[in-house]
Amino acid sequence: MIRLIAQNFIPVADNDWYSRRRKDAVGQFFRKVADQGPRNGEGGSTRQGAYVLTADGKLLGYNNNRGFERRKGMIEEALKAWNAIPENARAPGAIKVPDISLDELDGDFVRTPPEDGVILEVFTRALVSGENGYSAWNGNEGDEPGTQSARDHMWLKKEEWKALLQAGRSASSREDAADIPKRLACRLIRFHLVDSTRGEPPMWNLNEMKSYEMTIYQMKDGGFRINGKVLLEAEGKRGFSANLSGEIRVYSKSGRPSKFEILALGEHWGEGTFTRGARKGKSPLGIAFRLAADDAPGRAVPPQASSWEKGYYEAEK
Amino acid sequence: MKSLVLLFGLFVFNAQGQEVPVPGSREFKEVHTLIQPAESETKWLQIPWMTDLWKARQLAAEQGKPIFLWEMDGHPMGCT
């Protein structure tokens, strides 16, 4: 399947939440394609699935079934439909797609990483603990939702990561460690300490942060140490009780982070509308943050919670 | 994922009075790595995914190829 897609197609991954809403040419193009399939028409309902299409918007295949054989079958059929198009209509350069400028895009539904900001990759995994330590949770019946590492991104603006390090420089030990700026702490806790292992997770409301403490200090070797603990609870439905620890290193010339790692480890319980199938009771959950490499796949993909952009950046409100 | 990480020796109490482990530096690295995707979980990233549909259209037109669009609620490369 990997070879089939990589060799025969231009592969693109996209977030339907944005594309079905945006009012610019990109959104219009996507909806034109989707309207040729079963998930069509006006309204805000999902259009998610796998599509095969031509560059000028003719739908050649669609399904929303993740079963290997059915998806492979759809792709092969779509490839036959592509090859049935007259050669002069599908040859390189036969279709013209104009450039589109930034100011033509629908700013309400386009997210770009903050200039000179920091992008962190965020991974979440269901764990099990035993006498001998932690291991990945592999499910009760084999290949089931929630057994893999889930991914997201966290964005920090330039002034935010600078303020974080400035706070760290004001303290030199765990005993006198400084509080992490509230806006940043709330963003990390509310929007990234979530159980995303089975799908789109519910985020935490401000009043569901029952208690938290996140501090930073500068170590003798110049690096920064982060410590913290949180208790999150949504009306008895779900919760997360965790400790945090982390380390930041910076480039001596630019002062930018060269390493930015945080680990949140604790017990999670409950589930959300799109994350059904949680384990019973409280279960170990780990969340790891790391600096996104410049060439990391999907580096510019926005944080899941930034669909509400203002709320994401002003997480303390 | 067969790796097993030793339980931490140090514990603190959270607001509910439960013990929650705090990792030391060696354990931090091990658990931090354990949580990240294993090689077997990243095979799909061998596909050179683009994340801009319009640019994908342009490239498809230029190369004379069809587009494979993976469209999900929650970006496949950011909420999976």
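Any value given below was found using the heavy atoms of this structure, including those in side chains, with hydrogens, waters and symmetry copies removed. Proteins come first, then strands; the chains are lettered A, B, ... in the order of their sequence lines, and each starts at number 1.
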Options [options], ranked by heavy-atom pairs under 4.5 Å with chain B, top entry:
options: V12(A), I95(A), L127(A); answer: V12(A)
options: N64(A), V33(A), D99(A), T54(A); answer: D99(A)
options: D56(A), I100(A), I75(A); answer: I100(A)
options: A6(A), G286(A), A300(A); answer: G286(A)
options: I287(A), N8(A), D14(A), V301(A); answer: D14(A)
options: I85(A), I262(A), L60(A); answer: I262(A)

With sequence neighbours excluded, residues passing ring-ring contact (aromatic ring centres under 6.0 Å, His included) with W17(A):
F109(A)

Test of understanding: with ring-ring contact (aromatic ring centres under 6.0 Å, His included), list the residues that count as partners of Y51(A), not counting sequence neighbours.
F30(A), Y62(A)

Heavy-atom cut-off 4.5 Å, strictly under: side chain, backbone, both or neither for [X] against chain B?
X: A34(A); result: neither
X: L285(A); result: neither
X: E213(A); result: neither
X: T124(A); result: backbone
X: A91(A); result: backbone
X: F289(A); result: backbone
X: I2(A); result: both
X: P98(A); result: both

Take atom NZ in K32(A); do more than 12 heavy atoms of anything else shown fall under 6.0 Å from it?
yes

A cation-pi test, strictly: NZ or CZ of R57(B) under 6.0 Å from the centre of the six-membered ring of F29(A) and no more than 45 degrees from its axis. Yes or no?
yes

Are E76(A) and K72(A) within salt-bridge range, i.e. N to O under 4.0 Å?
yes

Do you see a donor-acceptor pair shorter than 3.5 Å between the side chains of E104(A) and S101(A)?
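There is such a pair between these side chains.
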
Can you tell me if D73(B) and T46(A) form a side-chain donor-acceptor pair at under 3.5 Å?
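There is such a pair between these side chains.
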
Portion of [X] that has a non-hydrogen atom of chain A nearer than 4.5 angstrom:
X: E62(B); value: backbone
X: K55(B); value: neither
X: I67(B); value: both

Between H268(A) and F240(A), what is the ring plane arrangement, given parallel below 30°, perpendicular above 60°, and tilted in between?
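Rings of H268(A) and F240(A): tilted, 30 to 60°.
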
Smallest separation among heavy atoms of R125(A) and P37(B), with atom names
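R125(A) and P37(B) have their closest heavy atoms at NH2-CA, 3.9 Å.
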
Is it true that a side-chain atom of T33(B) and a backbone atom of K29(B) form a donor plus acceptor pair closer than 3.5 Å?
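Yes, because the side chain of T33(B) sits within donor-acceptor range (under 3.5 Å) of the backbone of K29(B).
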
